K.L.:
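The structure follows.
For the single chain, residues carry numbers from 1 onward in sequence order. Just so you know, ligand 1 is whichever comes first in the structure, and atom 1 is the first atom listed for that ligand. Atom set for the values below is all heavy atoms of this structure, side chains included, hydrogens, waters and symmetry mates excluded. Note that the coordinates shown come from a computational prediction; the quantities given were computed from them, not determined experimentally.
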Amino acid sequence: MIAKPKILVARAIFPEALAKLEESFEVRSNQADVVFTPEELKQELASVVGALVTGSERIDAHALSEAKQLKIVANISVGYNNFDIPAISAAGVMATNTPDVLTDTTADFGFALLMATARRMTESEHWLRAGSWTKWSIVNNPLGVDVSHSTIGIIGMGRIGQGIAKRALGFGMKVIYHNRNRLSETDEKTCQATYVSKEELLSTADHVILVLPYTPENHHTIGAQEIDLMKPTATLINIARGGIVDDGALAQALQTGKIFAAGLDVFEGEPNVNPQLLELSNVVLAPHIASSTEKTRRAMVDLAVENLRAAIDGKKPPSLINAEVFRD
Ligand code: 8YV
């Protein structure tokens with residue numbers, strides 16, 4: 001009998017997806033969902049031909065130093081800032097991600113976080129649970145800021161950014177955006193979005209939403225200086241990546257009322273959260289769940305598995321990032 005190829009599934013996945021993989025592969029799974037240390041990850045990768053990984057696994061030269069049979073690292077994530085692409089390519093390994101399948105779910109969540117932040121939903125719930133709601137009042141209850149007919153400023157206008165723009169149109173919002181590259185005329189028309197400089201966006205938007213990939217150049221895209229440009233009534237929503245915002249500077253700004261509120265799904269150094277943020281009522285906090293519906297997480301796993309199977313079969317994975325590594 002021919003031995004099944006050995007693969008690693010670095011984090012817990014849906015049991016049925018795991019069982020299906022076990023039909024074709026010898027699987028080293030991690031249903032306990034304990035995050036590997038860099039040393040453990042290196043050991044795990046040393047004996048496999050493919051690996052399903054997530055943002056918690058940093059794939060770099062160190063992780064790959066003993067991975068002599070590895071053909072693919074398949075991220076269960078669209079963002080791949082956990083990948084050192086030059087190092088992965090230098091090791092002759094294919095790298096893939098999971099675009100498209102999470103676009104709508106993530107854009108939905110971005111909008112939900114914007115709504116919750118502008119309308120002080122979590123703060124109001126805490127207020128109610130604490131017994132502070134003793135009478136209905138016009139003014140003596142949490143007063144929010146409007147979403148409908150306001151201006152949304154989207155920084156990062158990829159698939160998810162455009163998804164948010166389309167949702168914003170339903171709320172009668174004016175859409176302005178800033179992106180590394182300007183959209184085509186057709187895409188700008190579809191989103192009814194106007195390209196502006198980052199500075200103009202920050203100073204004119206009522207709601208600023210961040211949807212750009214993390215790269216070293218994008219580190220602290222929003223810091224104290226940028227927050228200074230924003231309106232005191234504005235909100236800031238981060239569904240991009242921790243490190244895009246200087247969380248310390250943001251906490252300071254929220255504390256001093258420089259901006260109205262923030263909604264954060266991602267954090268610098270997550271799962272740790274800046275303790276100052278935990279103390280503030282004008283910030284809505286979520287544990288990196290923008291793509292987290294069962295249907296979407298299943299679709300992400302399925303696409304990552306499709307990528308993995310293709311690479312192991314010598315075919316081109318559907319969402320290959322480093323095409324230069326693939327040889328027919
Ligand atoms: C993932 C995400 O759940 O796809 C992304 O880029 O941020 C989330 O959808 C997370 O990164 C887990 O790997």
Side-chain angles (χ1 to χ4, degrees), residues 8-14 17-18 29-31 33-36 38 41 44-45 50-60 63 72-85 88 95-114 154-164 209-216 218-219 221 237-245 247 263-273 285-308 317-322:
L8 169 70
V9 181
R11 298 292 305 276
I13 60 169
F14 299 99
L18 189 60
S29 62
N30 178 14
Q31 290 303 84
D33 217 19
V34 178
V35 179
F36 294 129
L41 184 62
E44 295 289 346
L45 291 174
L52 291 183
V53 299
T54 72
S56 55
E57 286 71 52
R58 170 105 192 121
I59 309 295
D60 55 12
I72 177 165
V73 278
N75 224 17
I76 309 173
S77 173
V78 65
Y80 52 88
N81 54 303
N82 56 316
F83 282 179
D84 179 341
I85 293 292
I88 297 174
T96 60
N97 65 341
T98 59
D100 302 317
V101 293
L102 48 65
T103 302
D104 281 326
T105 297
T106 304
D108 285 351
F109 185 84
F111 225 85
L113 193 55
L114 163 56
I154 305 172
I155 303 186
M157 200 60 155
R159 301 175 190 85
I160 299 169
Q162 291 176 48
I164 287 167
I209 184 158
L210 306 170
V211 208
L212 64 168
Y214 182 86
T215 61
N218 289 345
H219 186 73
T221 293
I237 311 298
N238 187 9
I239 59 163
R241 273 292 179 271
I244 299 267
V245 174
D247 286 350
L264 307 174
D265 184 47
V266 288
F267 304 87
E268 288 192 289
E270 65 184 49
N272 298 317
V273 175
L285 306 169
H288 200 150
I289 53 164
S291 68
S292 187
T293 65
E294 180 165 346
K295 187 174 167 201
T296 293
R297 285 282 164 88
R298 283 187 188 274
M300 290 163 71
V301 170
D302 289 349
L303 177 52
V305 168
E306 198 184 331
N307 282 318
L308 177 114
S319 33
L320 182 60
I321 299 162
N322 53 350

K.L.:
Could you find the nearest protein heavy atom to atom 2 (C) of ligand 1 and give me its residue, atom name and distance?
P.N.:
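Protein heavy atom at minimum distance: H288 NE2, 3.5 Å.
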
K.L.:
If only atom types and distance count, is the side chain of D265 paired as donor or acceptor with the main-chain N or O of I289 below 3.5 Å?
P.N.:
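Answer holds: yes.
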
K.L.:
Does the structure place the NZ or CZ of R297 under 6.0 Å from the centre of the six-membered ring of F14, at an angle of no more than 45° from the ring's axis?
P.N.:
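Checked: cation-pi criterion not met.
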
K.L.:
Could you measure the distance from the CD atom of E57 to the CG atom of N82? Nearest 0.5 Å is fine.
P.N.:
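Taking CD in E57 and CG in N82, the distance rounds to 7.5 Å.
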
K.L.:
Quick one: nearest non-hydrogen protein atom to atom 13 (O) of ligand 1, plus distance?
P.N.:
G55 N, 3.1 Å

K.L.:
Using atom types as modelled and distance alone, determine if a side-chain donor or acceptor of N218 lies under 3.5 Å from a backbone N or O of T221.
P.N.:
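Such a contact is absent between N218 side chain and T221 backbone.
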
K.L.:
Please state which protein non-hydrogen atom is closest to atom 8 (C) of ligand 1 and give its distance, to 0.1 Å?
P.N.:
S291 OG, 3.5 Å

K.L.:
Between N30 (side chain) and V34 (backbone), is there a donor-acceptor pair under 3.5 Å?
P.N.:
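Between the backbone of V34 and the side chain of N30 there is a qualifying donor-acceptor contact (under 3.5 Å).
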
K.L.:
What is the closest protein heavy atom to atom 5 (C) of ligand 1, and at what distance does it sit?
P.N.:
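Result for atom 5 (C) of ligand 1: S77 OG, 3.0 Å.
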
K.L.:
Please check if the side chain of E268 supplies one atom and the backbone of G242 the other of a donor-acceptor pair under 3.5 Å.
P.N.:
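Checked: no pair found.
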
K.L.:
Residue-level breakdown please: for I76 versus ligand 1, do any non-hydrogen atoms fall below 4.0 Å on the side chain, on the backbone, on both, or on neither?
P.N.:
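For I76, the contact with ligand 1 is made by the backbone alone.
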
K.L.:
As an exercise, identify every atom of ligand 1 less than 4.0 angstrom from a heavy atom of R241.
P.N.:
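Counting from 1, the qualifying ligand atoms are 2 (C), 5 (C), 6 (O), 7 (O), 11 (O).
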
K.L.:
For T293, enumerate each residue passing the side chain to side chain donor-acceptor pair (under 3.5 Å) test, keeping only those at least two apart in sequence or located in another chain.
P.N.:
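In terms of side chain to side chain donor-acceptor pair (under 3.5 Å), with neighbours along the sequence ignored, T293 is linked to T296.
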
K.L.:
Out of all atoms in ligand 1, which are within 4.0 Å of some heavy atom of R297? Include the element for each.
P.N.:
3 (O)

K.L.:
For atom 4 (O) of ligand 1, what's the nearest protein heavy-atom neighbour? Residue, atom name and distance, please.
P.N.:
V78 N, 2.7 Å

K.L.:
Going by the atom numbers of ligand 1, which of them fall below 4.0 Å from some non-hydrogen atom of G79?
P.N.:
4 (O), 5 (C), 6 (O)

K.L.:
Show the atoms of ligand 1 that are less than 4.0 angstrom away from any heavy atom in L102.
P.N.:
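Listed by number with element, the hits are 4 (O), 9 (O).
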
